[in-house]
Every structure is written in C-alpha cells, then in structure tokens.
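Values below: all heavy atoms of this structure, side chains included; hydrogens, waters and symmetry mates excluded. A, B, ... follow the sequence lines: proteins, then strands. Residue 1 opens every chain.
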2 protein chains.
Amino acid sequence: MRRTKSESEETRQRIMDAAETVFVEIGVSRASMEKIAAEAGVTRGAIYWHFANKQELLGAIIRRVHGIHDAVVARAFEGGAEPLRSVLDWGMEVIELFATDDHTRKVYKIVVTRCEYVGEMQEALVWQQEMHEAMDANFRRAFEAAEADGQLGRGWTACSASMTLRCFMSGMLDNWLRHEFDATLAETLRAALECLVAGFRCDVAAAARRESATRPTPA
Amino acid sequence: MRRTKSESEETRQRIMDAAETVFVEIGVSRASMEKIAAEAGVTRGAIYWHFANKQELLGAIIRRVHGIHDAVVARAFEGGAEPLRSVLDWGMEVIELFATDDHTRKVYKIVVTRCEYVGEMQEALVWQQEMHEAMDANFRRAFEAAEADGQLGRGWTACSASMTLRCFMSGMLDNWLRHEFDATLAETLRAALECLVAGFRCDVAAAARRESATRPTPA
DNA sequence: ATATATACAAACAGCATTGTATGTAAAGGG
DNA sequence: CCCTTTACATACAATGCTGTTTGTATATAT
C-alpha cells in the first residue's frame with residue numbers, strides 16, 4: 001500500500017513529532033527507533049526510509065524550529081529601531097516565543113536537558129554554535145552601533161555588554177527549561193530583561209566608584 | 001588479594017576519577033561500567049562493590065565537588081561585606097574556580113552537556129536544584145539587604161536583580177562549558193560581571209525613560 | 001590461630017537495540 | 001498497460017550492556 005507524495009510527507013512530519021515527544025520523555029539515547037515508531041504509528045522501516053539514523057532525525061527536528069527564530073531575529077533587528085531598543089525587543093520576543101510555543105520549548109528542552117553531545121551527536125552542538133554565532137553577530141552589531149552613538153553608559157563596552165546579554169539569555173532559557181515552566185516566571189524575566197537593558201545606558205563606572213567610596217574594600 | 005581499608009578508599013577514588021573521564025568523553029548513557037572499569041584499571045566487580053549502579057556513581061562525583069563550592073559561598077557571604085559587594089566577590093570566585101579547577105569544570109561539563117535527565121537520572125536534577133536553591137537563598141538575602149539599605153538603583157527589585165544575576169551566572173557557565181574554554185574569555189566575563197553588579201546600583205528607571213524620551217516607541 | 005567479613009575478579013544469563021536485507025503493494029511515468 | 005520506483009513492513013543477525021552470582025585471597029577481629 002504505497003502512499004502518495006503528500007501522504008509520505010505527512011508521515012515524515014508525524015515521525016518528527018513522535019521523535020520530539022519520545023526524546024523529551026526518555027532522552028535521546030534511550031529513545032529507540034522502535035519506541036519512536038510506535039509513537040508515530042509506523043514501523044522502524046518507515047523511519048529508516050526517511051532518516052538515516054537517530055542523529056539525522058534529531059537534526060531534522062532542530063532545523064524545523066530554526067525558521068521561527070530567524071523570523072523573530074529579522075523582525076527585531078531589521079526594523080531600523082534604536083539599537084538598544086531592538087535588542088530589548090528581540091529579548092522580549094524570545095521570551096514570548098518560549099512562553100507561547102510548545103514546539104520551540106520542547107525542542108529546546110531536548111537540546112538543553114535531553115541530549116549528550118558526544119560522538120556523532122557533536123554535530124548537533126555545531127548547529128547550536130552556528131545559531132549562537134548568528135545571534136551574537138546580530139546583537140554585537142547592535143551594541144557596536146550603540147557604542148558609536150554614545151548610548152552605552154560609561155564602563156560598558158560593546159564586548160562586555162553583548163557578553164552580558166548573551167549569558168543572561170542563555171541562562172534564562174537554561175533555567176527555564178531545566179526546571180518547570182511557571183507562568184509568573186515569564187513576567188519576572190521580562191522585568192529583569194527590561195532593567196538589564198536599561199542598565200546598559202547607565203554609567204556603571206560611576207556606580208562602581210560610588211560603592212568603593214561608601215565602604216572601602218578591606219585589604 | 002584483599003586490600004587494606006585505605007587501599008580500598010584509593011580504588012574508590014580511582015573509580016570516580018575514571019568515571020569523570022569516561023563520562024566527559026562519551027557521555028553518561030554510553031559510558032558502560034566495563035569502560036569505566038578499564039579506565040580505572042579494575043573490573044566491573046570492583047565498581048559494583050563500591051557503587052550500586054551508574055547513577056549512584058554519578059551522584060558520588062557530583063557530591064565530591066559540592067564541598068568546594070560551599071566553601072566559596074561561605075567565604076563570600078559570611079564575610080560581612082556590603083551585600084552587593086559580597087555578591088560580586090562570590091561571582092568572581094566562581095569564575096576563578098572554573099578557570100583554575102579542572103575537576104570542577106569536568107563535573108559541570110558532565111552535568112551540563114553529558115547527561116540526559118530522565119528516569120533515574122532525574123535525581124541528579126534534584127541535586128542541582130538543591131544547589132541552585134541554596135545559591136539563590138544566599139544572594140536573594142543579599143539583594144534584599146541591599147534593597148533595604150537603599151543600595152539598589154531605582155527600577156530594580158530584589159526579585160528582578162537576583163533573577164538577573166542568577167540567569168547571568170547560569171548562562172555564563174553554560175556557554176563556557178558547552179563551547180571550549182578560552183583564557184581571554186574569563187577576563188571578558190569578569191569585566192561583564194563587574195559592570196552588571198555595578199548596574200544594580202544604577203537608576204535604570206531613569207535610564208529607561210531617557211530612551212523613550214530620545215526616540216518614542218512607534219505604536 | 002582461626003573465623004569471618006572484605007575487596008575484589010571472573011563467569012553467567014538475558015534482554016534490548018541497531019542496521020540491513022528482503023518482501024510487497026501501489027503510484028506514476030512512458 | 002507495463003515497468004520501475006517509492007514507501008513502507010517484516011525478518012534477521014550480531015552486538016553490547018546490565019545485574020547477579022560465584023569464587024577467592026587476604027585483612028582484621030577475637
């Protein structure tokens with residue numbers, strides 16, 4: 001009973017959906033092709049027809065969510081807004097994305113807490129790195145523009161600011177996905193992000209001096 | 001050829017060292033007891049004598065590095081320094097610890113990128129959570145003290161500030177361990193942390209207003 | 001000095017998984 | 001209308017790992 005081309009694509013998507021579910025539930029390495037097949041309602045034969053092996057399947061589900069993020073980045077950075085403003089917009093949209101899109105959250109949960117990056121799976125780390133670098137490039141440019149426009153407060157450099165934001169965003173997602181999702185958490189994160197980005201406009205050099213004046217460091 | 005008590009403890013430590021190495025190399029799930037035994041120069045029998053199974057072994061190596069961190073926390077927070085100052089000190093010491101102690105870096109690399117938190121391994125996540133909560137409790141207290149003393153800049157709350165720092169620190173370690181270690185990275189991170197903590201003293205509410213005054217948000 | 005518990009090594013049984021090879025029915029092109 | 005290719009299902013062979021059991025030499029307590 002051979003399927004038509006569109007039916008075939010449908011099973012392919014079903015397999016990927018099933019893989020997401022199984023990966024989240026029992027982790028990538030324990031997920032056997034048999035279990036994924038059962039979840040998808042097919043046999044392993046079907047999976048091996050569409051995907052060479054498990055890591056290709058993982059790669060496929062990772063790439064499937066890439067498009068969404070590219071759209072978010074484009075919307076935030078190519079709007080022509082003030083640099084620090086677009087950085088904030090981007091961050092807010094990322095929070096929104098993770099708060100609302102189960103798909104994105106699922107895949108990232110796999111990437112963060114359900115996968116061991118060794119052997120053939122190293123490739124998956126490379127994909128992540130490429131994503132990170134694309135992200136970095138975008139807001140590195142934004143921070144350099146902000147620096148050139150004199151919008152960064154004294155003490156900040158484009159380098160330290162972008163590093164700070166990068167760490168904040170990674171850590172945010174890491175904590176979020178490693179523990180359970182809480183609706184109020186998103187609000188706290190939004191508030192934190194807003195303060196953080198506003199902080200990039202502040203004269204932190206002066207603030208640091210203020211402290212050492214108040215209470216000198218004991219030798 | 002029965003060993004003496006101290007010899008036995010020595011083998012126990014050798015097994016844990018071997019486990020660290022093997023876990024980092026090939027991940028927790030692919031690491032068979034046989035491979036760990038070979039690395040340690042013993043047979044599986046020895047491992048099963050000292051540890052019930054793999055997750056207990058993992059638990060043991062995680063707990064082995066806990067002591068170091070407790071000491072760091074104690075030194076930073078129980079010194080009686082100004083709250084925001086002790087937060088900064090603590091962060092710096094964490095950076096220092098990861099920059100210098102291979103042991104710590106190895107175990108955290110396992111925890112972050114070499115382990116899937118499913119089934120029995122969920123326990124390991126619980127240990128992490130306990131650690132996080134202990135950490136959180138410490139600098140939540142510090143931020144509340146800072147808030148009470150009026151050292152937090154307008155716009156910040158103890159809640160948003162501690163969330164920000166927590167995310168920054170997690171993200172920092174995550175990025176650090178997920179990619180390769182770079183000596184200059186530590187310097188950048190130190191600079192970023194210094195700015196970030198100084199930023200907690202700044203009036204971010206005013207800074208945010210400054211931006212919206214400069215260029216009003218398009219509706 | 002002997003008995004017992006200790007600290008392992010070696011052997012065993014059993015299952016789960018992987019990749020592939022083969023079978024097959026229908027789709028789609030000529 | 002037939003032939004080839006597609007889209008799977010089924011069957012097979014091989015491997016690797018786990019937990020346990022059994023064996024054994026020796027430290028240590030009595």
Side-chain angles (χ1 to χ4, degrees), chain A residues 1-19 21-23 25-61 114-116 118-124, chain B residues 1-19 21-61 110 114-116 118-124:
Chain A
M1 28 182 89
R2 181 190 168 198
R3 312 300 151 81
T4 177
K5 221 164 170 81
S6 72
E7 281 175 327
S8 164
E9 179 57 26
E10 215 175 293
T11 33
R12 194 186 135 91
Q13 295 295 327
R14 264 221 318 284
I15 291 169
M16 291 167 69
D17 291 341
T21 303
V22 176
F23 285 162
E25 263 176 40
I26 61 174
V28 174
S29 29
R30 295 187 185 197
S32 67
M33 293 304 220
E34 182 60 41
K35 277 177 189 159
I36 297 172
E39 176 75 27
V42 294
T43 62
R44 280 185 351 185
I47 302 185
Y48 278 108
W49 171 254
H50 288 286
F51 307 94
N53 47 40
K54 226 194 320 191
Q55 62 264 29
E56 280 218 4
L57 182 47
L58 176 64
I61 70 173
R114 302 289 194 265
C115 184
E116 299 174 8
V118 286
E120 327 88 38
M121 293 296 175
Q122 295 269 20
E123 280 185 49
Chain B
M1 29 183 91
R2 182 190 167 196
R3 312 299 150 81
T4 177
K5 222 165 171 74
S6 72
E7 281 174 326
S8 163
E9 179 57 27
E10 215 175 294
T11 31
R12 194 185 135 92
Q13 297 293 328
R14 264 220 319 283
I15 290 169
M16 291 167 69
D17 291 340
T21 304
V22 176
F23 285 163
V24 169
E25 263 176 40
I26 62 174
V28 173
S29 28
R30 295 187 186 196
S32 68
M33 293 305 222
E34 183 59 43
K35 279 178 187 158
I36 298 172
E39 175 76 26
V42 294
T43 62
R44 278 182 343 164
I47 302 185
Y48 277 107
W49 171 255
H50 288 285
F51 307 94
N53 47 39
K54 225 194 322 189
Q55 62 264 28
E56 280 219 4
L57 182 47
L58 176 63
I61 69 174
I110 294 168
R114 302 290 194 265
C115 184
E116 298 174 9
V118 285
E120 325 89 39
M121 293 298 176
Q122 295 269 22
E123 279 186 49

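A sub-4.0 Å separation between OP1 or OP2 of C:dT6 and a side-chain N or O of B:Ser8 is absent. OP1 or OP2 of C:dA7 has at least one side-chain nitrogen or oxygen of B:Trp49 nearer than 4.0 Å.
Here B:Glu10 pairs with nothing under the side chain to side chain contact (heavy atoms under 4.5 Å, CB included) rule; sequence neighbours left out. For B:Glu9, the side-chain hydrogen bond (donor to acceptor under 3.5 Å, both in side chains) partners two or more places apart in sequence, or in a different chain, are B:Gln13. Checked against side-chain hydrogen bond (donor to acceptor under 3.5 Å, both in side chains), B:Thr43 has no partners two or more places apart in sequence or in another chain. Here A:Arg14 pairs with nothing under the salt bridge (Lys or Arg N to Asp or Glu O under 4.0 Å) rule; sequence neighbours left out.
A:Tyr48 has its OH atom 16 Å from the P atom of D:dT10, to the nearest Å. Spacing between atom CD of B:Gln13 and atom C1' of C:dA7 amounts to 16 Å, rounded to whole angstrom units. For B:Glu7 and D:dA25, the CD to C1' distance is 13 Å, given to the nearest whole Å. Protein atom CZ of B:Arg30 is 11 Å distant from nucleotide atom P of D:dC17, rounded to whole Å. At whole-Å resolution of the value, CD in A:Glu10 and C1' in D:dC8 are 15 Å apart. At whole-Å resolution of the value, CD in B:Glu34 and P in D:dT18 are 9 Å apart. Atom-to-atom, CD1 of B:Ile47 to P of C:dA9 comes out at 9 Å; the value is rounded to the nearest Å. Rounding to whole angstrom units, CD1 of residue A:Ile15 and C1' of D:dA7 are separated by 10 Å.
Here salt bridge (charged side-chain N to carboxylate O under 4.0 Å, His left out) pairs that include residues 44-56 of chain A, with residues two or more places apart or in two chains, number zero.
The OG1 atom of B:Thr21 sits 12.0 Å away from atom CE of B:Met16, with the distance rounded to the nearest 0.5 Å. The CZ atom of B:Phe51 sits 9.5 Å away from the CD1 atom of B:Ile36 when rounded to the nearest 0.5 Å.
Nearest approach of B:Thr11 to B:Ser8, heavy atoms of both residues: OG1-O, 2.6 Å.
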Name every donor-acceptor pair, under 3.5 Å, that has one atom in a side chain of residues 27-34 of chain B and the other anywhere in the protein, sequence neighbours excluded.
unit_1  : atom_1 : unit_2   : atom_2 : d
B:Ser29 : OG     : A:Ser29  : OG     : 2.8
B:Ser29 : OG     : A:Glu116 : OE1    : 2.8
B:Ser29 : OG     : A:Glu116 : OE2    : 2.7
B:Arg30 : NH1    : A:Glu120 : OE2    : 3.1
B:Arg30 : NH2    : A:Glu120 : OE1    : 2.9
B:Ser32 : OG     : B:Lys35  : N      : 3.2

- Message: For a quick check, with a 4.0 angstrom heavy-atom cut-off, what is the B/S/- contact string for nucleotides 10-16 of chain C, read 5' to 3'?
- Response: SB-----

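B:Ile61 has its side chain within reach of B:Phe23: a pair of non-hydrogen atoms, C-beta onward, lies under 4.5 Å apart.
Of the residues in residues 50-58 of chain B, those placing a heavy atom less than 4.0 Å from an atom of DNA chain D are B:Lys54, in numerical order.
With hydrogens and angles disregarded, a donor-acceptor distance shorter than 3.5 Å links the side chain of B:Arg114 to the backbone of B:Val24.
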Protein-nucleotides 28-30 of chain C N/O pairs under 3.5 Å:
unit_1 : atom_1 : unit_2 : atom_2 : d
C:dG28 : OP1    : A:Thr4 : OG1    : 3.3

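Place B:Met33 and A:Ala46 on DNA chain D by their nearest nucleotides, and A:Ala46 ends up nearer the 5' end.
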